[in-house]
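To keep things clear, I will list the structure first and then write my remarks on it.
Only this structure's heavy atoms are used, side chains among them; waters, hydrogens and symmetry mates stay out.
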Amino acid sequence: MAFLKFNKSELVNLSYSLKREIILASKTGAYCNTSIVTCNTRRYHGLLAVPVERFGGYRHLLLSSLDESLSLRGKRFNLGIHCYGDIYEPRGHKYIVDFDADPIPRITYKIGEVVLVKSIALSQDSNQLMIRYDLEKAPSAVKLELKPFLSFRRVHDLTHKNGEARTDYDEIQNGAAFNLYPGFPDLNLQLSSKPEFKYAPVWYENITYSDEMRRGFDCREDLLVPGSFTVELAPGGSVVFSASADGPVASAGIKRKFDSLVSKIGPITSFRDQLVRNADLLIRNTGGHKQIVAGYSWLYTGLLRETLESLAGLTLYGKNDPAEFEEILDNLIADNEERLHRRTTQVESPLFMAVTLQQYASYIGDSKHVWQKYGKILKEIIESYLPGRRAEVALQPNGLLWAQMDGVALTWMNAYIGGRAVTERAGYQVEVNALWYNAIAFALDLEKQYGKADGQFVREWTPVKELIEKNYQPTFWNADAGYLADYVDNYGQNLDLRPNQLWAVSLDYIAVSDEVVSSVMRVVKNELLTRRGIRSLSPRDVKYKGVYEGSQTERDLAYHNGCAFPGLLAQYCYACFRMMGSNFLKRAEWLTEGFYEDLSKHGVGTFSELYDGDPPHEAHGAISSAVATAALLNINWLMDKYREE
């Protein structure tokens, strides 16, 4: 019994099935992403997208889709499905009777007496997609025709019919190789059994991506179909289709590789298994250089803030792999010299280094090792905020950090509309300064224990720590409101009720009193907490937008003005466990159960980037988010810890 399944009535209902996506990812950075009926609804959808080093390592979509047709006794049945404006043609989804996602996506088609099962797998160590077709039942042999739709473009773009595309092919074993434009890798299409290839290149025009249309984006493109492959299948027989960007493969080994790949994928028996599988999905290893993918299928790889926020959750709480934690962190440090030490438009990002190191030290129980290896980089990060080091942010005489660049949003709340920041938040930001205090206090404690207790760093930064302790709470606390200001600028406190203050009450080192913590948590619980994360703005605010829908402008207005973020839920749980201990266990379980109820929505088996602030809290954004996945793993680890205690 598969962990995640869909039945015929769900699958043939396009308003239901097109909103549910599958994602397969390779360690190389390749991915396969489409709807559960294999109709592409986004520009990012396709069967094989791969990073192309010649084009900066950005992912490029080579194989958009593959239409299957069955011929039996003179009758032909097309199993494909595409959208053209508001028309779907062909409508092969009407033959689907079953879909399950464990251990890989399997789609069952039934046409009269014929039952065909399609299973989709992506190689973990190469840029290769494989699709197996099993003819489980048929009155006689059938002909299976496969028609590839080629795109050869960046995943963010669209392509159109043009005279520059190379429409011919090169013969390879049991298949053909295609390459539409210079600089791209060849797309090698092969089958495990020798097919008949009919060369008949034609452009299919105005294929429409319904999700892009709904959002007001460019949504139509033209795809090249170079011809078709045909093989004969006897009842009980099977064939495996392979699409590779790494060169032709030995056709005799295609089936064996497919079976080996599937056998290595462990079964999903619990929500914990699903979290761990997603943790692994989000770690990329290109040429031995491991990084975290912020989210599939359009978020970038190796981002500073997203990596630091999700690293412990994915590698430690998910995979119990300290070696992988250090490997990814070392790569991140090497790749982000500029952002860590000189310039970044998310001024809090470098300060998350302290949080990540605190999680690591707690997990391995060896803060000495952590400080000996990473103490130097943390001290350098802290010193980079001294006056004159960074143009966007600097230490002030009161010990706090002031961040401002006109027209630039300098924190994670960085949505823009028409070039203007939706939430600029210039001045003293509540979370930036909470992270600032935590980093300094942590560094001082470990330097005193394992470094030079009477050295220059301790002498210079102890007074700064004391200044923050003196000024943080008076600067941000508003007794009448009962919570912390979101930021303070030249006009005073901004009292938009936002979740950024959670960092001020949940970090290892905090600069506010217990009374402030209690009051803040009470307000957050009453106005920002949902079962799908923490709202980015209180519903009582006139700027609040509780549904992430509509045009790009409408969605950008909602993104940080009402959407609920799962990633923030971990900080809420940290603070609650600190206050209530194991008495918070039942509540934590209740807060996380909702995410598991949603596993059959949006991204099938994955954890989404954000949710509507309003009930029923529908999922949106990237279908598989590193920060959201890590937060749930983090909360699970906390629950296990307090159960033991």
Query - Steps toward salt bridge (charged side-chain N to carboxylate O under 4.0 Å, His left out) verdict (Arg76, Glu145) - result: CA-CA 10 Å; Arg76 189 169 182 271; Glu145 181 184 11; 2.6 Å; yes

4.5 Å side-chain heavy-atom contact, [X] and [Y]:
X	Y	value
Ile104	Leu261	no
Leu144	Leu70	yes
Tyr58	Val155	no
Leu304	Leu340	yes
Asp330	Lys373	yes
Phe258	Ser192	no
Thr41	Cys83	no
Leu146	Ile131	no

[Y] versus [X], side-chain donor and acceptor atoms under 3.5 Å:
X	Y	answer
Arg284	Thr286	yes
Glu221	Tyr209	yes
Ser9	Asn7	yes
Tyr300	Glu306	no

For this session: With sequence neighbours excluded, tell me which residues meet salt bridge (Lys or Arg N to Asp or Glu O under 4.0 Å) with Arg256.
Result: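 So Arg256 forms no salt bridge (Lys or Arg N to Asp or Glu O under 4.0 Å) with any residue.
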
query: By salt bridge (Lys or Arg N to Asp or Glu O under 4.0 Å), which residues pair with Arg42, not counting sequence neighbours?
result: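 With sequence neighbours excluded, Arg42 shows a salt bridge (Lys or Arg N to Asp or Glu O under 4.0 Å) to Glu21, Asp211, given in chain and number order.
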
[X] to [Y] - nearest heavy-atom pair and separation:
X	Y	value
Ala626	Ile292	CB-CG2, 3.8 Å
Tyr317	Leu633	CB-O, 3.7 Å
Asp67	Ile81	OD1-N, 4.4 Å
Lys319	Ala279	CG-CB, 4.5 Å
Asn127	Pro51	OD1-CD, 4.1 Å

From [X] atom [atom1] to [Y] atom [atom2], the distance as rounded to the nearest 0.5 Å:
X	Y	atom1	atom2	value
Leu11	Asp98	CG	CG	7.5 Å
Ile283	Thr315	CD1	OG1	6.5 Å
Leu299	Glu609	CG	CD	5.5 Å
Asp100	Thr108	CG	OG1	7.0 Å
Phe178	Ile172	CZ	CD1	8.5 Å
His602	Phe607	NE2	CZ	13.0 Å

[X] atom [atom1], over 12 foreign heavy atoms within 6.0 Å:
X	atom1	answer
Lys8	NZ	yes
Glu338	CD	yes
Arg339	CZ	no
Asp218	CG	no
Tyr363	OH	yes
Gln552	CD	yes

Donor-acceptor contact present, side-chain [X] to main-chain [Y], <3.5 Å:
X	Y	answer
Asn331	Lys290	yes
Asn33	His45	no
Asp273	Thr269	yes
Arg20	Ser600	yes
Thr606	Ile623	yes
Arg220	Leu158	no
Ser26	Ser123	yes
Asn634	Gly313	no
Gln124	Ala25	yes
Arg43	His156	yes

Answer with yes or no after comparing the ring centroid distance for [X] and [Y] against a 6.0 Å cut-off, counting only values under it.
X	Y	answer
Tyr296	Tyr44	no
Phe595	Tyr611	yes
Phe6	Phe99	yes
Tyr204	His82	no
Phe197	Tyr169	yes

Start with the C-alpha distance between Ile265 and Arg277, add both sets of side-chain angles, then the distance that settles side chain to side chain contact (heavy atoms under 4.5 Å, CB included), and finish with yes or no. CA-CA 9 Å; Ile265 302 174; Arg277 179 174 290 184; 3.0 Å; yes

Of Thr629, Leu599, Leu632, which meets side-chain contact (heavy atoms from CB on, under 4.5 Å) against Gln274?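 Testing Gln274 for a side-chain contact (heavy atoms from CB on, under 4.5 Å) against Thr629, Leu599, Leu632 leaves exactly one candidate, Leu599.
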
Exercise for review: Mind running side chain to side chain contact (heavy atoms under 4.5 Å, CB included) on Thr159 and Leu223 for me, showing each step along the way?
Suggested key: CA-CA 7 Å; Thr159 190; Leu223 297 172; 4.3 Å; yes

Discussion item. Run the side chain to side chain contact (heavy atoms under 4.5 Å, CB included) test on Lys257 and Val249 for me, step by step, so that the C-alpha distance in whole Å, both residues' side-chain angles and the decisive distance to 0.1 Å come before the verdict.
Written reply: CA-CA 10 Å; Lys257 182 171 183 179; Val249 298; 5.8 Å; no

* List the steps, then state whether side chain to side chain contact (heavy atoms under 4.5 Å, CB included) holds for Ser624 with Asn278. => CA-CA 8 Å; Ser624 178; Asn278 276 275; 3.8 Å; yes

Report the residue from Ser35, Ser151, Ser64 that forms a side-chain hydrogen bond (donor to acceptor under 3.5 Å, both in side chains) with Asn40.
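Of the listed residues Ser35, Ser151, Ser64, the side-chain hydrogen bond (donor to acceptor under 3.5 Å, both in side chains) partner of Asn40 is Ser64.
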
Checklist entry - Run the salt bridge (charged side-chain N to carboxylate O under 4.0 Å, His left out) check on Asp280 and Lys27 step by step: do they pass? => result CA-CA 9 Å; Asp280 194 54; Lys27 292 301 181 186; 2.9 Å; yes

